[in-house]
Amino acid sequence: MNENSKKQLKKTGRPLKDDPAKIRYTISFTEEEHARFLALFDKSGMQVKAHFITSCIFNKTIKSVHIDKGTVDFYMRLTSFHSQFRSIGVNYNQIVKLLYKSFSEKKASAYLYKLEKQTAEMVELFKKVVEITEEFDKKYLKKQR
């Protein structure tokens, strides 16, 4: 009866750590120091301030990543433009095949001449895009590296 009356204890909750951190320190900052600390913490990309402070104290490597939203937006638009340019090339090949298949040699040549003019304008536009991209790269991206 003694054995039945004793309830079996169940282990519930989080498992205990082998070496828990029990020792704590406090630190006081001025407004300027606190702002600087928060800026460094934000640049580190860490989620927990205690981990960031421990990393700083024990000289562990701290990752600092700066993401410029304008650069990301420019990159996304440039990628979109590049995919559209590729699709134009595919359509160009399809149009040339259809012209020679559907029209006479003389009429197909006339349409191809118009298409060639538009292609030359598109090439000039693409050269301007490349120049703008190189200028953007020199002004903004080279500084960050």
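What's counted below: heavy atoms across the whole structure, side chains too, no hydrogens, waters or symmetry copies.
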Inset, instruction - Classify the angle between the aromatic ring planes of Y111 and F103 as parallel (below 30°), tilted (30 to 60°) or perpendicular (above 60°). - result: tilted
Inset, instruction - Would you confirm whether E33, through its side chain, and T30, through its main-chain N or O, come within 3.5 Å as a donor-acceptor pair? - result: yes
Legend entry - Check: Q94 and V90 side chains under 4.5 Å, non-hydrogen atoms: yes
Legend entry - Contact check, side chains of K49 and L38, non-hydrogen atoms, under 4.5 Å: yes
Inset, instruction - Answer yes when K69 and D73 have at least one side-chain N-carboxylate O distance shorter than 4.0 Å, and no when they do not. - result: no
Inset, instruction - Could I get the full list of salt bridge (Lys or Arg N to Asp or Glu O under 4.0 Å) partners for E116, not counting sequence neighbours? - result: none
Legend entry - Nearest non-hydrogen partners of M46 and S55, listed with the distance: CE-OG, 3.3 Å
Inset, instruction - State plainly whether one hydrophobic cluster holds both F29 and F41, where clusters connect Ile, Leu, Val, Met, Phe, Trp and Tyr through side-chain heavy atoms under 4.5 angstrom apart. - result: yes
Legend entry - Side-chain heavy-atom pair F52, L40 within 4.5 angstrom cut-off: yes
Legend entry - Y92 atom OH, neighbour heavy-atom count above 12 within 6.0 Å: yes
Legend entry - Side-chain donor or acceptor of S80 paired with backbone N/O of M76 under 3.5 Å: no
Inset, instruction - Can you measure from CD1 (I88) to CG (N93) and round to the nearest 0.5 angstrom? - result: 12.5 Å
Inset, instruction - To the nearest 0.5 Å, tell me how far K107 NZ sits from S102 OG. - result: 10.5 Å
Legend entry - Greater than 12 external heavy atoms within 6.0 Å of F37's CZ: yes
Inset, instruction - Look up atom CZ in F136 and atom CG in L78, then write down how far apart they are to the nearest 0.5 Å. - result: 9.5 Å
Inset, instruction - Give a yes or no on whether L99 and V96 share a hydrophobic cluster (residues Ile, Leu, Val, Met, Phe, Trp, Tyr; joining criterion: side-chain heavy atoms under 4.5 Å apart). - result: yes
Legend entry - Same cluster (ILVMFWY, side-chain, under 4.5 Å), L125 and V123: no
Inset, instruction - Check whether F81 and I132 end up in the same hydrophobic cluster, where Ile, Leu, Val, Met, Phe, Trp and Tyr are linked by side-chain heavy atoms less than 4.5 Å apart. - result: no
Inset, instruction - Report yes if the side chains of E124 and K127 come closer than 4.5 Å at any heavy-atom pair, otherwise no. - result: yes
Legend entry - Joint hydrophobic cluster, F74 plus V130, side-chain heavy atoms closer than 4.5 Å: yes
Legend entry - Side-chain touch I95/L112, heavy atoms, less than 4.5 angstrom: no
Legend entry - Value rounded to 0.5 Å, distance of CG in N91 from CG in L115: 10.5 Å
